[in-house]
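Chain letters run A, B, ... following the sequence lines, proteins first, then strands; residues in each count from 1. Bear in mind the structure is a predicted one, so any value in this text is a computation, not a measurement.
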There are 2 protein chains.
Amino acid sequence: MPSQAAILAAIASPRRREILRLVWKEERTAGAIHQAMPDVTFGAVSLQLRSLAEAGLIQTRAKSRNRFYRARPEALGQLGKMLEQMWDDKLWALKLEAELEQTRRGPRPHRRPRTKKG
Amino acid sequence: MPSQAAILAAIASPRRREILRLVWKEERTAGAIHQAMPDVTFGAVSLQLRSLAEAGLIQTRAKSRNRFYRARPEALGQLGKMLEQMWDDKLWALKLEAELEQTRRGPRPHRRPRTKKG
DNA sequence: TGGATACTTTAGATTAAACTAAAATAGTTG
DNA sequence: CAACTATTTTAGTTTAATCTAAAGTATCCA
């Protein structure tokens with residue numbers, strides 16, 4: 001049984017939240033999930049799927065060559081509501097883009113230097 | 001106004017959750033918080049306090065040379081309840097110790113290798 | 001003013017997370 | 001079984017988070 005801490009860690013990542021959203025209402029194959037995230041490799045998606053599964057947030061069904069993933073909202077409790085709220089937010093897509101963008105390139109903007117005294 | 005995403009990121013860290021717990025019921029000075037976390041420097045604590053403040057999860061009051069920090073549970077909503085649950089858990093102290101320990105040393109245990117076929 | 005206290009910030013180092021490319025596993029099909 | 005498809009895993013790299021040590025800022029008090 002995964003801990004609350006593991007759940008918090010899992011949903012802290014925008015990438016994992018995006019995956020969770022994709023499999024929230026209906027199951028999808030790993031391949032379909034990857035297709036929806038063209039900026040990372042299949043391998044990267046697979047690793048995040050593993051993290052989510054280890055946190056108990058998704059379940060797997062194997063059928064022929066495919067693996068179907070589906071969210072387990074019951075593992076999230078109230079947290080699920082919070083995520084749905086984030087996804088319903090009209091500005092959500094933009095925000096997510098910004099979040100992912102931030103993780104993609106460049107040094108983070110640093111705060112103004114102090115006004116030198118001497 | 002900090003985003004939900006920023007809040008999730010902030011409470012994903014066991015160290016920051018520990019600080020949050022310390023200032024949950026009553027305000028404390030930065031120094032008092034640091035005293036309760038002897039395994040990190042004052043500077044490290046100060047940085048985490050900044051993160052928490054930027055996420056809107058704590059507020060500051062300056063009085064003389066001291067800075068008093070206090071949690072803002074209203075910024076956490078339902079999440080606050082979840083944290084309280086974690087802290088009430090009798091096993092909590094042990095679990096936290098384990099979490100922090102894990103971040104302190106050694107490579108994480110990796111899963112069994114596949115049984116070689118050929 | 002100068003030294004002590006309380007804290008923050010910076011710069012650089014260390015650790016951990018996330019990613020890529022390639023190899024491995026496993027079903028399916030002929 | 002060989003080739004093909006779907007996916008996972010490994011090994012190594014890159015990026016981001018966290019930490020330390022030292023310097024900086026602010027307040028207090030003699």
Side-chain angles (χ1 to χ4, degrees), chain A residues 6 9-19 28-35 37-55 58 60-69 99-118, chain B residues 6 9-19 28-35 37-55 58 60-69 99-118:
Chain A
I11 62 172
S13 145
R15 186 80 67 195
R16 281 189 298 267
R17 282 200 305 271
E18 171 68 350
I19 292 177
R28 284 181 203 242
T29 63
I33 294 164
H34 175 225
Q35 276 178 36
M37 321 189 79
D39 61 334
V40 277
T41 62
F42 206 151
V45 171
S46 187
L47 290 170
Q48 298 290 28
L49 286 169
R50 184 159 87 187
S51 297
L52 286 166
E54 284 174 353
I58 56 175
T60 314
R61 180 174 71 91
K63 178 75 190 290
S64 149
R65 283 177 277 203
N66 299 303
R67 269 146 193 275
F68 293 85
Y69 289 93
E99 280 164 41
L100 292 176
E101 181 54 38
Q102 216 167 21
T103 75
R104 270 202 279 272
R105 191 116 309 282
R108 43 182 169 172
H110 49 256
R111 56 210 74 256
R112 53 177 161 67
R114 292 213 185 143
T115 50
K116 202 115 189 209
K117 188 188 172 180
Chain B
I11 63 171
S13 144
R15 186 80 66 196
R16 279 188 299 267
R17 283 199 305 271
E18 171 68 351
I19 291 176
R28 283 182 204 242
T29 63
I33 294 165
H34 175 226
Q35 276 177 36
M37 323 190 77
D39 61 334
V40 278
T41 61
F42 206 150
V45 170
S46 187
L47 290 170
Q48 299 290 29
L49 285 169
R50 185 159 84 185
S51 297
L52 286 166
E54 282 173 355
I58 56 175
T60 313
R61 179 174 72 89
K63 178 75 190 287
S64 144
R65 281 177 279 200
N66 299 302
R67 269 145 192 277
F68 293 84
Y69 288 92
E99 280 164 40
L100 292 175
E101 181 55 37
Q102 216 168 23
T103 74
R104 272 202 276 273
R105 190 114 313 280
R108 43 182 168 174
H110 51 253
R111 57 213 73 260
R112 53 177 161 68
R114 291 208 188 146
T115 50
K116 204 123 194 198
K117 186 193 176 179

*Just wondering, do B:Val40 and B:Arg15 contact through their side chains at under 4.5 Å, heavy atoms?*
yes
*Nearest whole angstrom, please: distance from the P of C:dT5 to the CZ of B:Arg67.*
19 Å
*asked:* Rounded to the nearest 0.5 Å, what separates atom OG1 in A:Thr29 from atom CD in A:Gln35?
replied: 7.5 Å
Return the polar atom pairs (N/O with N/O) between nucleotides 19-21 of chain D and the protein under 3.5 Å, or none.
{"from": "D:dC19", "atom 1": "OP1", "to": "B:Arg15", "atom 2": "NE", "distance (Å)": "2.9"}
{"from": "D:dC19", "atom 1": "OP1", "to": "B:Arg15", "atom 2": "NH2", "distance (Å)": "3.3"}
{"from": "D:dC19", "atom 1": "OP2", "to": "B:Gln48", "atom 2": "NE2", "distance (Å)": "2.9"}
{"from": "D:dT20", "atom 1": "OP2", "to": "B:Thr41", "atom 2": "N", "distance (Å)": "2.8"}
{"from": "D:dT20", "atom 1": "OP2", "to": "B:Thr41", "atom 2": "OG1", "distance (Å)": "2.9"}

*Would you give the length of the straight line joining atom CD1 of A:Ile58 to atom CD1 of A:Ile33, rounded to the nearest 0.5 angstrom?*
7.0 Å
*C:dA18 P sits how many Å from A:Met37 CE, rounded?*
12 Å
*Under 4.0 Å between a side-chain N/O of A:Arg16 and OP1 or OP2 of C:dA18, yes or no?*
yes
_Side-chain N,O (A:Asn66) to OP1/OP2 (D:dT7) below 4.0 Å_ = yes
*With side chains defined as the heavy atoms from C-beta onward, is the minimum distance between B:Val45 and B:Gln48 less than 4.5 Å?*
no
*May I have the distance from B:Ile58 (atom CD1) to C:dT8 (atom P), rounded to whole angstrom?*
9 Å
*Phosphate OP1/OP2 of D:dA6: any A:Tyr69 side-chain N/O under 4.0 Å*: no
*State whether the side chain of B:Arg67 and the backbone N or O of B:Arg61 hold a donor-acceptor pair below 3.5 Å, judged by distance alone.*
no
_Output the rounded distance in Å from CD1 (A:Ile19) to P (D:dT7)._
13 Å
*Measure the distance from CG on A:Leu52 to C1' on D:dT7 and round it to the nearest whole Å.*
16 Å
*Within this structure, what is the CZ-to-P distance between B:Arg28 and C:dA6, rounded to whole angstrom?*
17 Å
*How far does CG of A:Leu52 sit from OG1 of A:Thr60, to the nearest 0.5 angstrom?*
10.0 Å
Pairs: protein N or O with nucleotides 27-30 of chain C N or O, under 3.5 Å:
{"from": "C:dG27", "atom 1": "N2", "to": "A:Arg65", "atom 2": "NH1", "distance (Å)": "2.7"}
{"from": "C:dT28", "atom 1": "OP1", "to": "A:Ser64", "atom 2": "OG", "distance (Å)": "3.3"}

_Strictly below 4.0 Å: does B:Thr29 bring a side-chain N or O up to OP1 or OP2 of C:dA6?_
no
*Which atom names give the shortest non-hydrogen contact between A:Arg16 and A:Ser51, and what distance separates them?*
CD-CB, 3.9 Å
*Looking only at side-chain N and O atoms, does A:Arg50 come under 4.0 Å of OP1 or OP2 in D:dT9?*
yes
*Enter the distance from A:Thr41:OG1 to A:Leu47:CG here, rounded to the nearest 0.5 Å.*
8.0 Å
*Quick one: list whatever passes salt bridge (Lys or Arg N to Asp or Glu O under 4.0 Å) with B:Arg65, sequence neighbours left out.*
none
